[in-house]
Number of protein chains: 4
Amino acid sequence: MTEATRGAGRPRSERARLAVLRAVDDMLVEEGYASMTMKGIAERANVGRQTVYRWWSSKAEILLEASAADAARELEVPAHRDPVAEVTAFLTALTAFLTTSDAGLAYRALLGEAQHDPAVAELLQSADVLGTAARGIVARTTVDVSGAESAARTAELVGPLLYAILVEGRTLTPSDLRGMAERFVR
Amino acid sequence: MTEATRGAGRPRSERARLAVLRAVDDMLVEEGYASMTMKGIAERANVGRQTVYRWWSSKAEILLEASAADAARELEVPAHRDPVAEVTAFLTALTAFLTTSDAGLAYRALLGEAQHDPAVAELLQSADVLGTAARGIVARTTVDVSGAESAARTAELVGPLLYAILVEGRTLTPSDLRGMAERFVR
Amino acid sequence: MTEATRGAGRPRSERARLAVLRAVDDMLVEEGYASMTMKGIAERANVGRQTVYRWWSSKAEILLEASAADAARELEVPAHRDPVAEVTAFLTALTAFLTTSDAGLAYRALLGEAQHDPAVAELLQSADVLGTAARGIVARTTVDVSGAESAARTAELVGPLLYAILVEGRTLTPSDLRGMAERFVR
Amino acid sequence: MTEATRGAGRPRSERARLAVLRAVDDMLVEEGYASMTMKGIAERANVGRQTVYRWWSSKAEILLEASAADAARELEVPAHRDPVAEVTAFLTALTAFLTTSDAGLAYRALLGEAQHDPAVAELLQSADVLGTAARGIVARTTVDVSGAESAARTAELVGPLLYAILVEGRTLTPSDLRGMAERFVR
DNA sequence: GATTAATCGAGACGGTACGTCGCGTCTTAGT
DNA sequence: ACTAAGACGCGACGTACCGTCTCGATTAATC
């Protein structure tokens with residue numbers, strides 16, 4: 001048995017699972033993370049309240065399941081011969097993700113929640129959406145990444161952009177991003 | 001009017017104000033931001049609920065008032081002849097601030113809240129605790145900072161560390177910080 | 001202090017109190033005791049749920065407060081020279097109370113609840129609606145009631161009618177009641 | 001068809017039926033009628049929830065089936081030459097039934113439920129546990145019971161005791177019962 | 001002996017009431 | 001005018017039980 005023993009009793013409803021994920025996705029955009037409630041999610045999904053609690057323990061958990069796949073896809077960047085071009089493309093994708101995309105909106109909400117809820121913090125780190133995407137770029141654009149250095153390079157790639165957007169709330173122009181990419185590559 | 005018109009009637013109670021700020025400080029450490037409530041703050045401070053609402057409109061606002069001064073002080077770093085040493089000192093202070101300090105705990109909570117509450121975001125940007133401290137370091141350690149470049153340099157100084165701590169939850173060694181500082185200065 | 005110390009804070013709202021009692025009265029008639037809920041009462045009375053719980057601990061308690069006064073009034077019977085006539089009048093009033101009156105409907109519901117909830121049983125016995133009314137009749141229509149005998153006579157007056165209505169669900173004619181009264185007086 | 005057409009398919013499980021009746025009996029004593037639930041009964045009996053609903057439509061119905069036979073047996077009183085002695089014996093049995101016996105506990109619970117649930121009321125009247133037992137006594141101890149009078153006599157026999165116990169919650173001594181019996185017989 | 005059909009246990013489903021908690025407002029008396 | 005106290009209407013919390021609905025597994029009677 002590869003998959004959760006398949007025991008007795010009525011099996012989990014895929015219909016309900018998808019309805020909840022869909023509801024969370026929609027509600028995040030329509031009304032924002034803060035005013036989203038477990039009760040509201042259940043009602044929006046036409047699902048019993050208990051059903052939500054049975055499979056997820058918080059709205060953060062639902063949101064992560066609802067957006068992780070989208071996030072990973074949106075941060076994918078095709079390989080490119082020119083390192084600067086590739087890094088620029090990644091930073092552009094990351095900017096779009098953080099400022100425009102629905103999945104990015106979810107990511108910001110989760111990252112925010114993680115600052116005052118250790119459970120969410122762990123959840124988010126185990127998914128490691130940004131890290132995974134960034135490490136790919138680092139590996140392809142940097143020569144001899146000596147393990148320990150990889151982490152530092154990742155932070156240098158993602159950190160400045162994250163700071164500019166999440167902390168300063170700044171809007172970055174394409175040339176800002178190009179500059180960042182050049183400095184990153186040296 | 002130097003102070004706030006000073007009309008008739010009983011003046012604002014300094015005792016109540018300090019009790020509230022003190023309560024918020026303590027409660028943040030004891031039980032965390034998320035489970036802190038306006039009701040709880042008032043009771044802890046032995047203050048009427050209305051009194052809290054009269055002077056602050058959210059727990060974020062109280063928390064900012066309670067911790068902004070401490071934050072600024074903790075991020076001050078003495079000038080140093082060697083740029084690398086100064087930057088390392090700043091990064092060390094920032095690390096301590098974000099991982100150990102009470103004021104830093106408050107800052108993280110506020111930064112988190114800001115991700116899903118625009119009002120808090122604005123509040124936090126207007127205080128700009130990190131930016132102010134970082135810009136001082138940038139100005140002293142970099143030659144010819146051409147206005148626009150200053151912002152980019154600030155992001156490069158603070159961003160990587162912020163990412164490592166807030167997003168990755170990583171623990172940084174002194175040599176990690178030294179390395180970061182060297183790369184920052186070139 | 002005769003009344004409950006009259007301390008600090010906003011005083012209890014008489015408006016809310018009456019709205020709840022009124023709502024319970026109406027709902028009992030409209031939908032019955034069983035399907036009445038604390039939530040429903042609060043909503044019907046346009047009152048917060050907490051407000052209901054603050055002053056009453058169960059729907060039985062509210063119902064008793066709402067109907068005790070009415071019940072006592074409905075069971076009052078004017079003194080009469082002829083004992084048989086007076087007892088007949090009382091039994092007629094009691095029949096009407098138990099089968100027709102709103103207050104009687106409440107009483108039956110409470111008496112029912114009392115059978116499986118000791119708290120309600122005690123509540124109901126302390127009010128002692130039926131006993132009070134019946135003892136008056138017994139005292140006026142029986143000579144030399146030697147204390148201990150009074151209780152037995154009360155049971156003989158009220159018991160048979162109660163059994164016929166509550167247990168058998170029988171409908172009693174005026175001549176049934178007259179017969180009961182005659183046998184009671186001898 | 002003597003039994004229930006006996007079609008194809010798996011026959012009803014006697015094991016399950018008895019387990020449910022047993023569970024209800026036990027739970028009534030252990031936790032009381034009010035806090036007994038269909039879910040709890042099923043779990044206690046190690047029986048599927050659907051199985052309970054398939055054969056009974058409410059806990060009242062189960063309880064009646066579980067206790068009716070016991071009740072009838074407990075209220076049986078041997079014939080006696082002396083009418084007063086026989087009536088006293090019956091009242092004593094009835095008192096024990098209502099205050100001590102498990103079946104009596106069930107009866108009180110059902111009688112209570114009947115006050116606010118017409119379905120239970122009908123169910124209980126169709127079983128008529130008390131009436132059947134009482135009518136036997138009335139027939140044996142009274143001469144010329146003219147049909148219509150029988151009902152009145154039954155009410156006079158059972159009513160006062162029922163009132164004393166169920167409404168007043170009084171504890172009756174043997175001499176109280178003897179007195180009642182004497183007055184009943186004249 | 002295989003098929004058929006109703007049962008069994010388990011347990012998820014959409015609902016809804018529970019009693020509690022915090023919200024932000026209000027109404028007191030007291031300073 | 002401001003204070004502490006505390007009730008107000010509101011609505012989300014997480015839990016429990018409702019009665020229904022699948023599931024796979026039994027268990028006879030019928031073919």
Side-chain angles (χ1 to χ4, degrees), chain A residues 6-17 19 35-43 45-55 57-59, chain B residues 6-13 15-16 19 35-43 45-55 57-59, chain C residues 6-13 15-17 19 35-43 45-55 57-59, chain D residues 6-13 15-17 19 35-43 45-55 57-59:
Chain A
R6 194 65 187 80
R10 182 177 178 172
R12 175 173 184 182
S13 159
E14 186 65 9
R15 199 222 116 246
R17 188 184 140 260
S35 66
M36 226 170 67
T37 67
M38 291 296 258
K39 185 179 188 245
I41 293 167
E43 276 164 9
N46 280 320
V47 142
R49 207 119 72 90
Q50 187 78 257
T51 299
V52 179
Y53 283 107
R54 189 159 19 232
W55 303 111
S57 62
S58 65
K59 56 179 179 173
Chain B
R6 199 64 187 81
R10 182 173 178 174
R12 175 173 184 183
S13 156
R15 198 221 116 246
S35 66
M36 223 170 69
T37 66
M38 291 295 260
K39 189 181 183 239
I41 294 167
E43 277 164 9
N46 281 318
V47 142
R49 207 118 76 87
Q50 190 72 256
T51 302
V52 179
Y53 283 108
R54 203 178 346 255
W55 304 112
S57 62
S58 65
K59 57 178 179 173
Chain C
R6 194 67 185 80
R10 182 176 179 173
R12 174 172 184 184
S13 159
R15 198 221 116 245
R17 189 184 140 260
S35 67
M36 226 169 69
T37 66
M38 291 295 259
K39 187 180 185 244
I41 293 166
E43 277 165 7
N46 281 317
V47 142
R49 206 119 73 89
Q50 188 77 259
T51 299
V52 179
Y53 282 107
R54 184 151 31 223
W55 303 111
S57 62
S58 65
K59 57 179 178 172
Chain D
R6 200 65 185 79
R10 180 176 181 173
R12 175 172 184 186
S13 158
R15 198 220 116 248
R17 187 182 142 262
S35 68
M36 224 170 69
T37 67
M38 291 296 259
K39 190 182 180 237
I41 294 167
E43 277 164 9
N46 280 318
V47 141
R49 206 118 75 89
Q50 189 72 258
T51 301
V52 179
Y53 282 108
R54 198 170 359 244
W55 304 111
S57 63
S58 66
K59 57 179 178 172

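Just so it is clear, the values below take in all heavy atoms, side chains as well, and ignore hydrogens, waters and symmetry mates.
Closest approach of D:Lys59 and D:Met38 over heavy atoms only: N-SD, 3.8 Å. Between C:Ala19 and C:Ala45, the shortest heavy-atom distance links the atoms O-CB, 3.5 Å. Summarising the geometry of C:Ser13 relative to C:Ala16, their closest heavy-atom pair is OG-N, 3.0 Å, with the distance given to 0.1 Å. Scanning all heavy atoms of the two residues, the minimum distance from C:Arg15 to C:Val47 falls at NH2-CG2, 4.4 Å.
We find that CZ of D:Arg17 is positioned 15 Å from P of E:dT7, with the value rounded to whole Å. The distance between atom CH2 of C:Trp55 and atom P of F:dG9, rounded to the nearest whole Å, is 12 Å. To the nearest angstrom, C1' of E:dT31 lies 18 Å from CZ of B:Arg12. Look at CZ on B:Arg10: it is 5 Å from C1' on F:dC2, rounded to the nearest Å. A straight line from CZ of B:Arg54 to P of E:dT25 spans 12 Å, rounded to a whole angstrom.
For the helix from E:dG1-F:dC31 to E:dT31-F:dA1, the terminal axes (five pairs an end, C1' atoms, rotation from four pairs onto the next four) enclose an angle of 10°, given to 10 degrees.
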Anything under 3.5 Å between a protein N or O and an N or O of nucleotides 22-24 of chain E, put it in a table, one pair a line.
from   : atom 1 : to      : atom 2 : distance (Å)
E:dC23 : OP1    : B:Met38 : N      : 2.8
E:dC23 : OP2    : B:Met38 : N      : 3.3
E:dC23 : OP2    : B:Lys39 : N      : 2.8
E:dG24 : OP2    : B:Tyr53 : OH     : 2.7
E:dG24 : N7     : B:Arg49 : NH1    : 3.1
E:dG24 : O6     : B:Arg49 : NH2    : 2.8

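For D:Ser35, the side chain to side chain donor-acceptor pair (under 3.5 Å) partners are D:Glu31, not counting sequence neighbours. Residues meeting the side chain to side chain donor-acceptor pair (under 3.5 Å) test with C:Arg17, sequence neighbours left out: C:Glu14, C:Glu65. Scanning for side chain to side chain contact (heavy atoms under 4.5 Å, CB included) contacts around C:Glu43 gives C:Lys39, with sequence neighbours left out. In this structure A:Ser57 satisfies the side chain to side chain donor-acceptor pair (under 3.5 Å) test together with A:Glu61, sequence neighbours excluded.
Comparing B:Val47 and C:Ala16 along DNA chain F, the residue whose closest nucleotide (by nearest heavy atom) sits nearer the 5' end is B:Val47.
Dashed line: the shortest gap from a side-chain N or O of A:Ser13 to OP1 or OP2 of F:dT22 is not under 4.0 Å. Checking the phosphate oxygens (OP1, OP2) of F:dG9, a side-chain nitrogen or oxygen of C:Arg15 falls inside 4.0 Å.
The side chain of B:Thr51 lies closest to F:dA4, out of F:dG9, F:dA4, E:dA10.
Between B:Thr51 atom OG1 and B:Arg54 atom CZ the span is 5.0 Å, to the nearest 0.5 Å.
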